[in-house]
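The structure appears right after this line, and notes come after that.
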Amino acid sequence: MKGFAGTAGVQTHKLTSLLSCSKVSGRLIDASVAATTRQLRTPAPDGSTTLSVESLSLSTALRSDGARWKQYRTHSCFKRLRFVGDSLKDGAIERLLFPVNISNMHWAVFEINSVQTELLYGDSLDWAPPIDDTNTTNRWPQHHNSPELQTASILPHGLQSDSYSCAIAALNTIRHAVFGDQGEFEDVYQGGLKLSIGKFGDIWIRW
């Protein structure tokens with residue numbers, strides 16, 4: 001716990017928000033994403049990897065307004081987005097996962113599969129993909145001379161039986177997509193969820 005909190009800039013007691021109906025901060029989501037990223041297999045000798053998990057900064061950049069998008073090639077807020085977009089284009093990244101916050105009240109996950117040119121969406125409430133985010137993400141590859149994505153299928157995910165466990169469900173959706181972790185989806189129905197934090201182990205959240 002200490003190592004997870006320290007490396008992510010999150011104090012351990014902040015994890016208590018996962019046990020309540022209070023809002024879960026983006027910093028906590030990013031902390032878990034960072035732990036998952038550290039667990040990814042060692043990149044190829046040339047430094048590339050075919051899978052990437054990005055922080056909330058990616059969805060924040062994608063949500064830039066139209067005027068900002070006209071500066072896509074030059075504005076500093078798109079620096080990471082340009083790098084990831086180029087990596088999707090040249091095949092260095094084939095699968096890209098990132099969390100997204102819906103209406104400042106709900107967490108879900110997008111996955112881009114550049115090989116299939118499709119966008120997948122996983123939502124523990126089974127809400128429809130947010131239209132604006134979906135349209136922007138689908139068009140993003142065109143800025144790199146790649147085909148527009150198609151919203152093709154659902155990203156495998158668990159279903160929450162309450163009104164507040166979406167953050168853990170979203171994080172487990174990412175881990176399942178990356179590592180093929182089994183069992184965490186069933187736990188949604190048993191009053192408990194597993195949140196993995198890399199080499200520091202797993203947290204079992206029960207209520």
Side-chain angles (χ1 to χ4, degrees), residues 7-9 25-102 107-123 129-157 167 170-180 198:
T7 56
S25 72
R27 179 175 291 184
L28 183 53
I29 297 295
D30 278 347
S32 182
V33 167
T36 297
T37 299
R38 287 195 297 272
Q39 282 188 271
L40 287 173
R41 290 193 296 262
T42 303
D46 62 357
S48 66
T49 179
T50 59
L51 191 152
S52 178
V53 182
E54 293 292 320
S55 69
L56 284 167
S57 61
L58 190 133
S59 60
T60 298
L62 285 169
R63 285 175 169 172
S64 297
D65 60 29
R68 183 66 54 83
W69 270 101
K70 292 179 180 179
Q71 306 174 60
Y72 181 74
R73 284 297 172 187
T74 57
H75 201 286
S76 60
C77 78
F78 294 120
K79 182 178 180 180
R80 180 63 183 176
L81 208 58
R82 290 193 297 267
F83 173 80
V84 174
D86 285 340
S87 297
L88 288 167
K89 167 68 175 179
D90 63 25
I93 296 176
E94 295 180 350
R95 294 175 60 209
L96 170 69
L97 290 120
F98 58 96
V100 61
N101 185 265
I102 312 299
W107 294 102
V109 181
F110 276 118
E111 177 181 335
I112 292 175
N113 186 314
S114 63
V115 176
Q116 302 297 327
T117 62
E118 65 181 17
L119 179 67
L120 298 86
Y121 179 71
D123 190 309
I131 294 176
D132 290 343
D133 290 316
T134 299
N135 290 340
T136 300
T137 305
N138 280 340
R139 291 192 298 263
W140 168 40
Q142 294 181 317
H143 289 269
H144 296 265
N145 297 316
S146 295
E148 180 175 343
L149 300 171
Q150 301 297 319
T151 306
S153 57
I154 297 174
L155 182 63
H157 61 278
L171 295 173
N172 282 338
T173 296
I174 291 174
R175 287 195 57 81
H176 181 80
V178 173
F179 302 113

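Residues take their numbers from the sequence shown, with the count starting at 1.
- Between L96 and L51 the shortest side-chain heavy-atom distance does not fall below 4.5 Å.
- Remark: H144 pairs with Y72, D86 by the side-chain hydrogen bond (donor to acceptor under 3.5 Å, both in side chains) rule, at least two apart or across chains.
- Taking both residues in full, the closest heavy atoms of T173 and P156 are given as CG2-O, 3.4 Å, listed atom of the first, atom of the second, then distance.
- Under the rule for a side-chain hydrogen bond (donor to acceptor under 3.5 Å, both in side chains), T136 has no partner lying at least two apart in sequence or in another chain.
- Counting heavy atoms from C-beta on, the side chains of L56 and W107 come closer than 4.5 Å.
- Between V100 and V109 there is no side-chain heavy-atom pair separated by less than 4.5 Å.
- Take F110 and apply the ring pair (Phe, Tyr, Trp, His ring centres under 6.0 Å) test, not counting sequence neighbours, and it matches F98, Y121.
- Between the CG atom in D132 and the OG1 atom in T137 there is a gap of 10.5 Å [rounded to 0.5 Å].
- The side-chain hydrogen bond (donor to acceptor under 3.5 Å, both in side chains) test applied to N138 returns T151, not counting sequence neighbours.
- Applying the side-chain hydrogen bond (donor to acceptor under 3.5 Å, both in side chains) criterion to R139, with sequence neighbours excluded, gives no partner residue.
- Taking 4.5 Å as the limit, some side-chain heavy atom of P141 sits within range of a side-chain heavy atom of L149.
- Applying the side-chain hydrogen bond (donor to acceptor under 3.5 Å, both in side chains) test to pairs two or more places apart or on separate chains, those with a residue in residues 108-118 are R95-E111.
- To the nearest 0.5 Å, atoms CZ (F78) and CD (Q71) are separated by 8.0 Å.
- In terms of modelled atom types and a separation under 3.5 Å, the side chain of S146 and the main chain of Q142 share no donor-acceptor contact.
- Applying the salt bridge (Lys or Arg N to Asp or Glu O under 4.0 Å) test to every pair with at least one member in residues 51-61, sequence neighbours left out, gives these pairs: E54-R80.
- The OG atom of S55 sits 11.5 Å away from the CD1 atom of I29 when rounded to the nearest 0.5 Å.
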Enumerate donor-acceptor pairs with a distance under 3.5 Å from any side-chain N or O in residues 61-69 to protein atoms, sequence neighbours excluded.
from : atom 1 : to   : atom 2 : distance (Å)
R63  : NE     : D133 : OD1    : 2.8
R63  : NH1    : N101 : O      : 3.1
R63  : NH2    : N101 : O      : 2.6
R63  : NH2    : D133 : OD2    : 2.8
S64  : OG     : A61  : O      : 2.8
D65  : OD1    : A67  : N      : 3.3
D65  : OD1    : R68  : N      : 2.8
R68  : NE     : H75  : NE2    : 3.4
W69  : NE1    : L62  : O      : 3.4
W69  : NE1    : S64  : O      : 3.1

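- Expressed to the nearest 0.5 Å, how far CH2 of W140 lies from CG of L119 amounts to 10.5 Å.
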Passes side chain to side chain contact (heavy atoms under 4.5 Å, CB included), L120 versus I154? Steps please. CA-CA 5 Å; L120 298 86; I154 297 174; over 6 Å; no

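- Put simply, CZ on R82 and OG on S76 are 8.0 Å apart, with the number rounded to the nearest 0.5 Å.
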